[in-house]
Amino acid sequence: MTSPVSGSDGAAGAGGGSRAFERLAEPVRRWIWRKGWTELRDIQERAIAVLMDGEADAILSAATAGGKTEAAFLPLLSSVIDRPGAGGFDLVYVGPLRALINDQFARLEDLCAETGLKVHPWHGDIAAGVKAKARRNPSGVLLITPESLEALFVLRGREVPTLFASTRAIVVDELHALLDSPRGVHMRSLLTRVEIAVGRRIRRIGLSATLGDMGLARAYLRPEHPESVELIQSRAEGQELRVQLRGYRAGGPNRPVVEPEEARDRGEGTPAPADLAARRAIGEHLFSKLRGSRNLVFAGSRQNVELYADLLRQLCEDRALPNEFFPHHASLSRDHRSFVEERLKAGRLPTTAICTSTLELGIDIGDIACVGQIGAPWSVASLRQRLGRSGRRAGQPAVLRMYATEAALDSGSHVADRLRLGLARAIAMIELLVEGWCEPPRAEALHLSTLTHQVLSVVAERGGASARRLYATLCDRGPFRRVDPPLFLRLLRRLGDPEVALLEQAPDGTLLLGREGERLVEHYSFYAVFHTLEEYRVVAQGKPLGTLPVSDVLVAGMTIVFSGRRWRIVTIHDRDKVIDVEPDKGGRPPPFGGDGGLVHDEVVRRMREVLAGSDQPIYLDAHAADLLGEARREFFRLGLRDRSIVDVGSGVMLLATWSGTTGNGALALALLQQGFRVANFQGLVEVSSQGETGADLRGALSEIAGGQGLLLSGEDGTLISEKFHHYLDNELLLADAVSSRLDTSELPAMVAELLGE
DNA sequence: GACCTGCTGCGGGCTG
């Protein structure tokens, strides 16, 4: 048979194409031929060269649907066909989504039909009988989620060495989405535990989108030898990017008539008419530009998804057109979500999904004409991932339409509104995106919640384990490398405390599951390491206001925005999950309050540059340009070009740190400890003295600059944000928070700079 | 001013 990739038309591209193809096993080549592929992609060519030789770990990095899966499996399957294994799964694929596993199953089954190898999908939706069959007769390719692999360790720990006895590679999909998250650390711990169970190293292949710092990704894949991880990045040409950023003034020049029905329905928690006007204008623009093609619009929250989907559907109906705009988020039924996904994938009908991050990752949904983004997202990495869904066909530009809404101003407007921080962030992110920057993976945290989970899991797997063995498995060889022996011992003592009862110790020192530990491990909810958000009830003077998910550090004294109003937290009752608040005086509720995602230092630093600068970005429409002009005049008026501490009147001071969320949050907490009232914005901390005796702000800042800033006791707030945190004591919780969510290390230097020292 | 992800074993009732 003639190789389809070595034809005389030169389709094989630059050098070696046919050589790579010829190296693949015969059934694999036949499959490629049958598929009618005219060439292998660049990343596939190079992956074949690397993966057919040697045993090196590798990261294959390319945009979504860049052919990464085939790049990994064509050579890996070839090597299994050439040298069959002696029993057990030959190859393992770990994927973070069930939908992804179903998708890969269909593709690999087709490929493996030619080869005689079996493919076993394994996740929560797969029938128990199918899994039992795979367990009794393991071979070929296993496709599994991290949670199902965890369940395998807990329930069938003794079968693990047999099941993976001849596994020659583990492929980890969507590596960029896991990294230093609890789930990523969990997955890495499982990889090590498989290796320990079979008593040898197993090759690791990571599939990833392009990251800001691929070096860190290598360290995540193989912490003990990052330098040995081969990096295979797609050389595909950077595609053309077309961007427009449109500005909207809530209640400004675009103000339409408020519809009577919407006005009637307006109550607590729904937007004010001014926001409604801007939303309607954005909706009409989306309608005019997106109708008739395939698009994704990221709306930022489930509520916004519903609002915009409803608006766009209405616009279709008004014009007697069939609807082509559909909402997509996690609270919608699976049926509805698959309907939208299938319709996008099939591509026969024009379709726009208005979505949350549900459609950021996952299965291939085909060629997208345009990506809409309402408001700036939290990270440039996420923006890049979303944009990766657009314009993938050769020669097609990627199109990004961003929409920023800013408040209408009056004499009482808050300085955060006047500085147009949302617009500034959108501009900062677009510029960083164009420059090719994106957030590096965050420095490794302690992950004490996930470590607690893995301690219980290893004890369950082996029916008991010594402290030494646990440390060797999880911290020496596993991913919890920042945990030193004294800290690990402190954690074990806490877990073994009779009141906690996760562990108990046999007379010979072996650690066994305690009463509570058994209860946890026996329930299926144990297998997932990530937290499903708990809601705290918010109560104002005995009257319930609603519920609030607590996902970040909340502390008594902080100002939050809730139910459209501004409150100060009086006390937090962790056990009863109640937050007592009282109304907070002064100003209007700021648009940026409370908690949210982590915005990186570099993004906030760039926001300052945008506000301090004078260039007019060409991708702004007239309204956005106007808004930017206003923001720059305000920046200048406040003297923020030269000053970092500004008196804005009424005893309120503005500290311009221009630091990201973790640094800004640490300063806010430190000042709170010194008796100030604090509100936290992007790059800014607003401070006022409370009580009659006005505390000395500069004096307090000098103390913080001297390193005496944080005396966190944990008594006055909640540091509980992850699934197993509530078993830990304050000391452990603080260590964990400081390692991940509160950047205290930079605090003295940051404050010294504020003071101009 | 977020968003997202995952899950076993067993018994009872029903169908073919």
Side-chain angles (χ1 to χ4, degrees), chain A residues 94-101 122-132 135 144-156 173-174 177-179 181-184 186-187 190 271 275 298-305 328-332 334 337 354-363 373-379 381-383 385-386 404-405 407 416-417 421-422 425-426 453 457 460 520-533 548-552 559-564 566 589-599 661 665 679-682 723:
Chain A
V94 184
L97 305 176
R98 289 176 297 200
L100 217 46
I101 287 179
W122 188 310
H123 58 67
D125 294 341
I126 301 295
V130 174
K131 292 186 242 185
R135 245 178 59 225
I144 195 166
T145 60
E147 287 72 22
S148 285
L149 188 53
E150 169 70 40
L152 213 47
F153 271 105
V154 168
L155 299 169
R156 327 247 167 224
D173 203 358
E174 308 278 13
L178 298 169
L179 292 184
S181 67
R183 204 166 175 217
H186 182 203
M187 193 269 308
L190 293 168
D275 295 332
F298 292 92
S301 70
R302 282 178 243 185
Q303 192 190 18
N304 264 348
V305 164
H328 191 286
H329 60 71
S331 300
L332 294 171
R334 187 159 303 186
R337 289 164 68 181
I354 317 292
C355 58
T356 59
S357 49
T358 37
L359 285 180
E360 190 174 311
L361 276 189
I363 61 162
Q373 172 69 49
I374 299 172
W378 296 102
S379 71
S382 164
L383 188 58
Q385 179 77 19
R386 291 171 183 189
T405 304
D417 278 345
L421 294 177
R425 183 149 67 95
H453 177 261
S457 173
L520 284 185
V521 170
E522 276 169 14
H523 196 265
Y524 65 79
S525 61
F526 175 75
Y527 308 125
V529 80
F530 55 86
H531 190 46
T532 347
L533 273 188
L548 189 68
V550 176
S551 59
D552 208 335
T559 306
I560 59 163
V561 176
F562 186 72
S563 197
R566 194 165 173 181
F592 309 100
D595 56 273
L598 299 180
V599 178
T661 313
N680 197 353
F681 305 89
Q682 253 158 78
K723 191 172 173 186

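Atoms considered below: every heavy atom in the structure, side chains included; atoms not considered: hydrogens, waters and symmetry mates. Residue numbering restarts at 1 for every chain, and letters A, B, ... go by the order of the sequence lines.
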Whole angstrom is fine here: how far is it from CG in A/D125 over to C1' in B/dT5? 13 Å
OP1, OP2 of B/dT8 versus side-chain N and O of A/S148: anything below 4.0 Å? yes
What nucleotide, of B/dC4, B/dG6, B/dT8, holds the atom closest to the side chain of A/R183? B/dG6
May I ask you to verify if any side-chain N or O of A/T145 is less than 4.0 angstrom from the OP1 or OP2 atom of B/dC7? yes
Would you say the side-chain atoms of A/H453 pair up with the backbone N or O of A/F526, donor to acceptor, closer than 3.5 Å? yes
List the steps, then state whether side-chain contact (heavy atoms from CB on, under 4.5 Å) holds for A/T356 with A/F298. CA-CA 6 Å; A/T356 59; A/F298 292 92; over 6 Å; no
Provide, to the nearest angstrom, the distance between the CD1 atom belonging to A/I144 and the P atom belonging to B/dT8. 9 Å
Counting side-chain heavy atoms from C-beta on, which of B/dT5, B/dC3, B/dG9 comes nearest to A/T358? B/dT5
Figure out the CG/P separation between A/L520 and B/dG6, and round it to whole Å. 21 Å
Heavy atoms under 4.0 Å, any strand shown: does A/H523 hit a base, just sugar-phosphate, or nothing? nothing
Any A/R386 side-chain N or O less than 4.0 Å from OP1/OP2 of B/dC4: no
Touch class at under 4.0 angstrom, heavy-atom based, for A/A132 against every strand present: nothing
Donor-acceptor pair, A/E147 side chain versus A/L149 backbone, under 3.5 Å? no
Could you tell me whether the phosphate oxygens of B/dC4, OP1 or OP2, come under 4.0 Å of any side-chain nitrogen or oxygen in A/R337? no
Whole Å only: how far is the NZ atom of A/K131 from the P atom of B/dC10? 13 Å
Regarding A/T358 and A/H328, is there a side-chain donor-to-acceptor distance under 3.5 Å anywhere? yes
To the nearest 0.5 angstrom, please state how far the CD atom of A/Q385 sits from the OG atom of A/S379. 9.5 Å
Please determine, for the side chain of A/T356, which listed nucleotide (B/dT8, B/dC3, B/dG6) has the closest atom? B/dC3
In whole Å, I'd like the distance from the CG atom of A/L152 to the P atom of B/dG9. 9 Å
A/S357 side chain to A/E360 backbone, donor-acceptor under 3.5 Å: no
Output the rounded distance in Å from CD1 (A/I354) to P (B/dC3). 16 Å
To the nearest angstrom, how far is A/W378 atom CH2 from B/dA2 atom P? 7 Å
For A/A151 and for A/L97, locate the closest nucleotide of DNA chain B by heavy-atom distance; then report the residue assigned to the nucleotide nearer the 5' terminus. A/L97
N or O in side chain of A/R98 less than 4.0 angstrom from B/dG6 OP1/OP2: yes
Would you mind reading off the distance between A/W122 atom CH2 and B/dC7 atom P, rounded to a whole angstrom? 12 Å
Pairwise 5' ranking along DNA chain B for A/Y524 and A/H328, keeping only the more 5' one: A/H328
Taking the side chain of A/Y527 as heavy atoms from C-beta outward, which of B/dA2, B/dT8, B/dC4 is closest to it? B/dT8
From B/dC3, B/dT5, B/dC7, pick the nucleotide closest to the side chain of A/S357? B/dC3
State whether the aromatic ring of A/F530 stacks on the base of B/dT5, taking stacking to mean ring centres under 5.5 Å apart and ring planes under 30° to each other. yes
